[in-house]
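Below is one structure, written out as structure tokens; comments come after it.
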Amino acid sequence: MSAPGYGVDPEKDPQPRVSHTFGDHRRGSQFSTANEAIVAEDTNELKRNLKGRHMQMIAIGGAIGAGLFVGSGGALHSGGPASLLICFMIIGVMMMLMMQALAELAVMYPVNGAFYQYIVRFIDPSWGFAIGWDYAIQWLTILPFEITAAGITISFWHEYNIGIWCAVFLVALSAIQFFGVRGYGEVEFFLSMIKITACIGFILFGIIVNCGGVPTDNRGYIGARYWHSPEQAFRNGFKGFCSVFVTASFAFGGTELTGLAAAEAADPVKQIPKASKQVFWRITFFYVVNLFILGLIVPASSDVLLGSSGANTKASPFVLAITMAGVKGLPSVFNAVITLAVLSVANSATYASTRTLQAMAANGMAPKIFAYVDKKGRPIPTIILQLLFGCLAFIGEAPNGSTIFGWLLALSGIANFFVYGSICIAHVRFRMAWKYKGHSLEELPYKAMFGVWGSYIGALLNFLCLAAQFYVALWPIGGSPDAETFFSAYLALPLIIFFYIVWKVVSWFMYPSHRPLYVKIRDIDVYTGMRQAQFALSGDRVPEEERRQSITDLQASKKKSPKDYALGAVRGLF
């Protein structure tokens, strides 16, 4: 693999010592290349404790949060109900293509760090370094934001000092970390079930409201009233349409956690494809149907939606829809759901940042202190770092706290587009290298449903989303070009470029193999990190006759009947 440091040389150290203490792990200089073997020697392995039900709910837990329940209100106001629906559908298609590419790679290489490692290996180590650090920073900064957001939701019932709730939620998230990845999986499973129930409940509620079935709502039958004059289906023209893209991307963010969790899945070959398919259909169903109904029963011109950002639940379009219908008590119930949803995203933020940083440190792209994993499979140093970042939630106590948070979040505002696009490109280059090495698609344990062309389209959609965001950042709705507005939306780009240059400079002196602009197809390693069973089929020393027979057996085991396809479609939703 292109990344530095992958273990101990058995000729130099025939009996490598396995350490189980953090004190031993601290041996040697943090950044000395001579100590790369120490990192691998002193690091325990992550535990494969995530079951199928955990894998299916992890992406939902990371995705359905304030972006859907609150942020969609601002998007509805700026773009209108038609823009809201179409943009979320486009991002949904983009996510489907990306998730299929990620699933194929994750089944083949269920390694820690997942897509960060794929980008390093199949595109360029410097680009992988930049994307990995930006992705980690994204979740590091999202945690204090989500903790603060959860505290704000409490003010729906009563005004308290937000610092109290920040402390309570931070302690709760810290306690979850003691139980390792299994604790994280169980919490996400429980919270995701609540969110799914709430989404289904709102769909039924919205249909009844739209049909005039709520006695306390004097609007009667609504139909598509808010899509026609004096309301508008498309608000603010093409600029309003473009403005919805980033909200949609942020709302879908976290779906990729299924791939990140591959290293801790009990059975990645079965769980990752199943989770990737089902999670996409579930999230798309809940997003698209909920937002379509939302656009039918809430006028986009409502001034209340102007405050729909962060976790301002008083401006949540879902709470507004219930309030406009005059239903007593239900707004409080939905606000409680939003609180739990925000905490779920905070829990996912802890998982995403800690695993990404641990993988980067294990591969020499972060201080090796972060590579340590204890005997129970917990990356303790990275967990401590993430929780320290969580303390930034107390910045909300400062008079200019919202401004500080705004710039912290700007560091990763468009990061998802770079991550998703890079995953698609990594998949394309993997397929090219796989073919170059003389392997066939029949050897793959799982193939992306839309093949390599799906990844090409996914990468193109990400580029178009970046272009749309650039247009809106440069010429904001209702305003003129402004440097502060532009960089608050596009600050992630110079940050990624900075990280890219940093590793190019470092590698020029320390890792000569990382100097080229990209990894050539002939130099791509398609064997390191491969599952043992897969290596027995596709390893570089497997005889051709044995490989052919194994492929025949593999294809026979994959055959499905029409009944299997029907059952799969039903399970995908339910």
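Bear in mind that the values here come from a model prediction, so they are computed numbers and not experimental data. Both backbone and side-chain heavy atoms feed into the values below; hydrogens, waters and symmetry mates do not.
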State whether the side chain of [X] and the backbone N or O of [Y] hold a donor-acceptor pair below 3.5 Å, judged by distance alone.
| X | Y | value |
| --- | --- | --- |
| R431 | G451 | no |
| E104 | A448 | yes |
| R225 | Y221 | yes |
| S344 | L340 | no |
| S192 | F189 | no |
| N210 | I297 | no |
| D217 | G213 | no |
| N290 | F286 | yes |
| T216 | A325 | yes |
| Y490 | L466 | yes |

Straight-line distance of [X] [atom1] to [Y] [atom2], nearest 0.5 Å:
| X | Y | atom1 | atom2 | answer |
| --- | --- | --- | --- | --- |
| I154 | N335 | CD1 | CG | 7.5 Å |
| I423 | F115 | CD1 | CZ | 5.5 Å |
| I90 | M95 | CD1 | CE | 14.5 Å |
| M94 | I457 | CE | CD1 | 13.5 Å |
| L105 | Y446 | CG | OH | 11.5 Å |
| L296 | I207 | CG | CD1 | 9.5 Å |

Examine the side chains of [X] and [Y] and answer whether a donor and an acceptor come within less than 3.5 Å of each other.
| X | Y | answer |
| --- | --- | --- |
| Y135 | W139 | yes |
| Q386 | Y351 | no |
| Q138 | N416 | yes |

Could you please spell out the steps behind the side-chain contact (heavy atoms from CB on, under 4.5 Å) verdict for T323 and V304?
-> CA-CA 11 Å; T323 303; V304 176; over 6 Å; no

Work out which heavy atom in [X] is nearest to a heavy atom in [Y]; give both atom names and the distance.
| X | Y | answer |
| --- | --- | --- |
| L444 | M108 | CD2-CE, 3.3 Å |
| I147 | G390 | CD1-O, 4.1 Å |
| A492 | I414 | CB-CG1, 3.7 Å |
| I162 | I152 | CD1-CG1, 3.6 Å |
| A149 | V342 | CB-CG1, 3.8 Å |
| I208 | V214 | CG2-CG2, 4.0 Å |

Indicate yes or no: at least one non-hydrogen side-chain atom of [X] is less than 4.5 angstrom from one of [Y].
| X | Y | answer |
| --- | --- | --- |
| L392 | F389 | yes |
| S83 | R235 | no |
| S353 | L143 | no |
| M96 | F450 | yes |
| F190 | I194 | yes |
| F498 | P494 | no |
| V319 | I338 | yes |
| D124 | Y500 | yes |

Aromatic ring pairing F245/F241, orientation class (parallel under 30°, perpendicular over 60°, tilted between) =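 F245 vs F241 ring planes: perpendicular.
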
Give the intermediate values and the outcome of side-chain contact (heavy atoms from CB on, under 4.5 Å) for residues L76 and L305.
-> CA-CA 8 Å; L76 176 62; L305 298 177; 3.8 Å; yes

Decide if atom CZ of F487 counts as having more than 12 heavy atoms of other residues, nucleotides or ligands within a radius under 6.0 Å.
->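 12 or below, so no.
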
Residue M89 excluded, over 12 heavy atoms near CE under 6.0 Å |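 Incorrect, the count does not exceed 12.
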
Identified ring pair (Phe, Tyr, Trp, His ring centres under 6.0 Å) counterpart of F202 within the set Y287, F69, F318 |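 Only match with F202 under ring pair (Phe, Tyr, Trp, His ring centres under 6.0 Å): F318.
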
How far apart are the C-alpha atoms of L102 and Y118, what are their side-chain angles, what is the distance that settles it, and do they pass the side-chain contact (heavy atoms from CB on, under 4.5 Å) test?
-> CA-CA 9 Å; L102 181 58; Y118 307 146; 3.9 Å; yes

What about F417 and F463, are their ring centers closer than 6.0 Å?
->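 No, ring centres 6.0 Å or more apart.
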
Take I131 and W127 through the test side-chain contact (heavy atoms from CB on, under 4.5 Å) and record every step on the way to the result.
-> CA-CA 6 Å; I131 294 298; W127 186 248; 3.7 Å; yes

